[in-house]
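Shown next, in structure tokens, is the structure this report addresses.
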Amino acid sequence: MSEVPDASDVTPLLSSPLGTEDALRAVPGEDGRTPLVLVLGATGYIGGRLVPRLLSGGYRVRTLTRSSARVAALPWADDVDVVEGDAADADAMDRAMDGVDLVYYLVHSMHSGRDYGRLDRAIALTVAKAAAAHRVGRIVYLSGLHPEGVELSAHLASRQEVGDILIASATPTLVLQAGVVIGSGSASFEMIRHLTEVLPYMPAPRWVRNLIQPIAVRDVVYYLLAAARAEGDLNREYDIGGPDVMRYSEMMNGYAEVAGLPRRGITALPVLTPSLASHWVGLVTPVPRQIARPLVESLLHSCVVKDDAIDTLIPPPPEGLTGYRDAVRLALGRIEIDQVETSWVDATVTGAPSDPMPSDPEWAGRTVFQDARRRPTTADPDAVWRVIAQIGGATGWYSASVLWATRGLIDRVAGGVGAQRGRRTLAQVTEGDAIDVWRVERVEPGRLLRLRAEMRVPGKAWLELGVDPTADGSEYWQRAVFFPRGLTGRFYWLSMLPFHGLVFSGMVNRIVAEAEDAPAADA
């Protein structure tokens with residue numbers, strides 16, 4: 001891949017902004033304490049980048065999360081105050097708002113099914129009421145860039161409604177309306193990347209001709225950080241976008257230019273509806289249909305910055321706004337060195353099983369199927385664990401790659417996440433991470449990796465991979481567990497048995513072989 005910078009060039013650039021810049025650092029109050037910031041959506045794509053920079057800038061940070069275990073797996077977990085609860089729960093929000101000076105509203109519910117507009121409205125009203133009750137100084141809400149005077153897509157209309165509710169509340173609210181966000185791990189960038197890389201020619205919907213003003217994720221984070229120190233009791237919307245106004249087709253070919261690919265032929269067709277286009281995106285890219293559809297619908301209109309009012313409130317970054325091609329180059333560089341900070345793949349999936357696996361004694365009296373295998377090896381436990389921890393994504397599943405790919409394709413056609421989702425990084429695995437059709441439910445470093453299936457199956461499924469030390473080296477073990485739902489679930493497990501024999505035995509053999517070869521490979 002040409003024109004992708006090497007790691008030494010990319011790393012310092014991708015870290016900007018750091019939050020430690022003079023214009024972005026926290027300013028202590030009259031009592032000498034720095035502001036307490038509540039970040040709603042701290043484990044999301046933007047929130048996961050904002051929180052560590054707020055901490056670097058001296059802010060005290062609190063998060064509200066449905067899963068404290070998910071936050072505990074993040075590198076900054078020990079530096080934040082965690083309140084467990086749902087954003088739509090008034091009691092949880094009341095606890096989270098206590099003593100807060102500033103709220104970052106970064107949540108949205110488009111992953112929660114067709115009724116996400118109702119849920120977004122409920123959360124906005126809950127936040128507005130709690131913020132007013134606790135006399136919060138400011139709410140900063142990240143919304144989407146959209147045109148005026150047209151009927152908006154459901155996704156953009158919901159974003160707009162949330163902004164209206166917050167602006168109408170008793171708490172001064174600064175709404176930042178951003179264009180398509182370009183950065184490593186963003187769903188919009190992954191759509192562009194995979195469509196361009198997979199298709200030398202693309203029949204596309206008419207919206208590929210619409211004008212769009214993309215913005216680099218680093219610039220979004222800059223505006224969010226600067227919004228905390230913006231002067232005055234602000235209560236209005238501001239558009240933010242990068243320096244380039246482009247058509248979606250130009251964005252695809254701009255990506256091709258940076259990635260060293262030939263220019264792509266793109267033909268706009270009037271027959272591709274948003275529904276059909278989202279199915280097409282879901283099959284060609286890793287982005288599943290339930291995420292692709294609201295993104296596609298957001299492209300139905302030209303969305304460009306209407307004015308430069310933001311410049312009077314927050315000046316552009318000192319180095320200037322990042323151009324589209326530079327944003328692509330930086331994103332590819334981050335992927336190249338396997339240091340993607342946050343990614344859309346870690347978003348929750350509608351309809352996926354969410355309950356943790358019960359402990360073995362709780363299985364008594366219920367139907368459960370298992371495929372358990374063990375194999376001793378001369379490899380030390382650390383070598384085996386390194387192989388386990390890199391499973392999935394580009395590494396694959398160590399056996400029957402065609403069968404895994406076929407199963408992922410079947411899941412994608414059925415409306416599931418599919419195996420193309422990959423993983424955020426090969427360098428580490430943490431609880432809550434997504435790995436292809438699985439979600440990491442538990443990690444005990446050096447010992448256990450438990451995955452919960454997010455593919456569409458008639459029941460609930462888990463896959464455990466682990467290693468135990470022995471006198472002669474270690475013992476690798478794995479276990480597939482399936483709780484069937486009704487007769488369909490039982491038939492499903494029975495129909496999979498012939499494939500399990502091939503897939504799971506192959507995994508055992510290959511993982512052990514990789515671990516035993518590791519010392520020679522590292523020498």
Requested in this report: Answer yes or no: is there a side-chain heavy-atom contact under 4.5 Å between Asp433 and Arg423?
Outcome: no
**Report entry** Which residues share a side chain to side chain contact (heavy atoms under 4.5 Å, CB included) with Phe499, sequence neighbours left out
**Finding:** Leu403, Met496
Which atom pairs, one a donor and one an acceptor, fall under 3.5 Å between side chains of residues 319-328 and the rest of the protein, sequence neighbours left out?
residue: Thr322; atom: OG1; partner: Asp219; partner atom: OD2; Å: 3.4
residue: Tyr324; atom: OH; partner: Met251; partner atom: O; Å: 2.6
residue: Arg325; atom: NE; partner: Glu257; partner atom: OE1; Å: 3.1
residue: Arg325; atom: NH2; partner: Glu257; partner atom: OE1; Å: 3.3
residue: Asp326; atom: OD1; partner: Arg329; partner atom: NH1; Å: 2.9

Requested in this report: Return the minimal non-hydrogen interatomic distance between Pro484 and Gly489, and the atom names on each side.
Outcome: CB-C, 3.6 Å
Query raised in the report: Would a distance-only check, ignoring hydrogens and angles, find a side-chain to backbone donor-acceptor pair under 3.5 Å from Ser399 to Val503?
Result: yes
**Report entry** Pairwise side-chain contact, Gln177 with Gln160, heavy-atom cut-off 4.5 Å (strictly under)
**Finding:** yes
Query raised in the report: Does any pair with a residue in residues 140-151 pass salt bridge (charged side-chain N to carboxylate O under 4.0 Å, His left out), and if so which ones, sequence neighbours excluded?
Result: Glu148-Lys306
Query raised in the report: Between the side chains of Tyr201 and Thr267, does any donor sit under 3.5 Å from an acceptor?
Result: yes
Query raised in the report: What pairs with Leu74 under side chain to side chain contact (heavy atoms under 4.5 Å, CB included), at least two apart in sequence or on another chain?
Result: Thr43, Arg70, Trp76
Report summary line: On a heavy-atom basis, the closest approach of Ile46 and Val220 is CD1-CG1, 4.2 Å
Requested in this report: Measure the CG-CD1 distance between Leu224 and Ile240 for me, rounded to the nearest 0.5 Å.
Outcome: 6.5 Å
Query raised in the report: With sequence neighbours excluded, what pairs up with Arg209 under the side-chain hydrogen bond (donor to acceptor under 3.5 Å, both in side chains) test?
Result: none
Query raised in the report: Looking only at heavy atoms, what is the nearest atom pair of Tyr141 and Arg159, with distance?
Result: OH-O, 3.1 Å
Report summary line: Heavy-atom nearest pair, Val107 first then Ile123, reads CG2-CG2, 4.1 Å
Query raised in the report: Are any non-hydrogen side-chain atoms of Val340 and Ile335 less than 4.5 angstrom apart?
Result: yes
Report task. Look only at the side chain of Thr196 and the backbone of Tyr255, and say whether a donor-acceptor pair between them is shorter than 3.5 Å. Result -> no
Query raised in the report: Among all residues two or more places apart in sequence or in another chain, which pass the salt bridge (charged side-chain N to carboxylate O under 4.0 Å, His left out) test with Arg121?
Result: Glu161
Report summary line: Nearest heavy-atom contact between Thr342 and Tyr45 is OG1-O, 2.7 Å
Report task. May I ask you to decide if Gln339's main-chain N or O and Arg334's side chain share a donor-acceptor pair within less than 3.5 Å? Result -> yes
Requested in this report: Not counting sequence neighbours, which residues clear side-chain hydrogen bond (donor to acceptor under 3.5 Å, both in side chains) with Glu464? List them please.
Outcome: Arg450, Arg479
Query raised in the report: Has the side chain of Gln213 got a donor or acceptor atom that lies under 3.5 Å from a matching backbone atom of Val305?
Result: yes
Report task. To the nearest 0.5 Å, tell me how far Ile511 CD1 sits from Trp385 CH2. Result -> 11.0 Å
Query raised in the report: Who are the ring-ring contact (aromatic ring centres under 6.0 Å, His included) partners of Phe482, not counting sequence neighbours?
Result: Tyr492, Trp493
**Report entry** Partner residues of Phe483 under the ring-ring contact (aromatic ring centres under 6.0 Å, His included) criterion, sequence neighbours left out
**Finding:** Trp363, Trp462
Query raised in the report: So, the side chain of Ser56 versus the backbone of Pro52: is there a donor-acceptor pair under 3.5 Å, distance only?
Result: yes
Requested in this report: Spell out, as yes or no, whether a donor-acceptor pair under 3.5 Å connects the side chain of Thr406 to the backbone of Val402.
Outcome: yes
Query raised in the report: If you measure only the distance, is there a donor-acceptor pair under 3.5 Å linking the side chains of Trp397 and Asp436?
Result: yes
Report task. Mind checking side chain to side chain contact (heavy atoms under 4.5 Å, CB included) for Leu313 and listing every partner two or more places apart, or none if nothing turns up? Result -> Leu174, Ala230, Leu234, Tyr238, Ile310
Query raised in the report: Do Tyr398 and Leu465 have side-chain heavy atoms sitting under 4.5 Å apart?
Result: no
Report task. Could you pull out all residues at least two apart from Arg263 that satisfy side-chain hydrogen bond (donor to acceptor under 3.5 Å, both in side chains)? Result -> none
Query - Expected output: side-chain Asp338 to main-chain Thr425 donor-acceptor under 3.5 Å - result: no
Report task. Go through the structure and list residues passing side-chain hydrogen bond (donor to acceptor under 3.5 Å, both in side chains) with Ser143, not counting sequence neighbours. Result -> none
Report task. Taking all non-hydrogen atoms of both residues into account, name the closest pair between Ala88 and Leu119 and its distance. Result -> CB-CD1, 4.2 Å
**Report entry** Main-chain N/O of Phe504 paired with Gln478 side-chain donor or acceptor, under 3.5 Å
**Finding:** yes
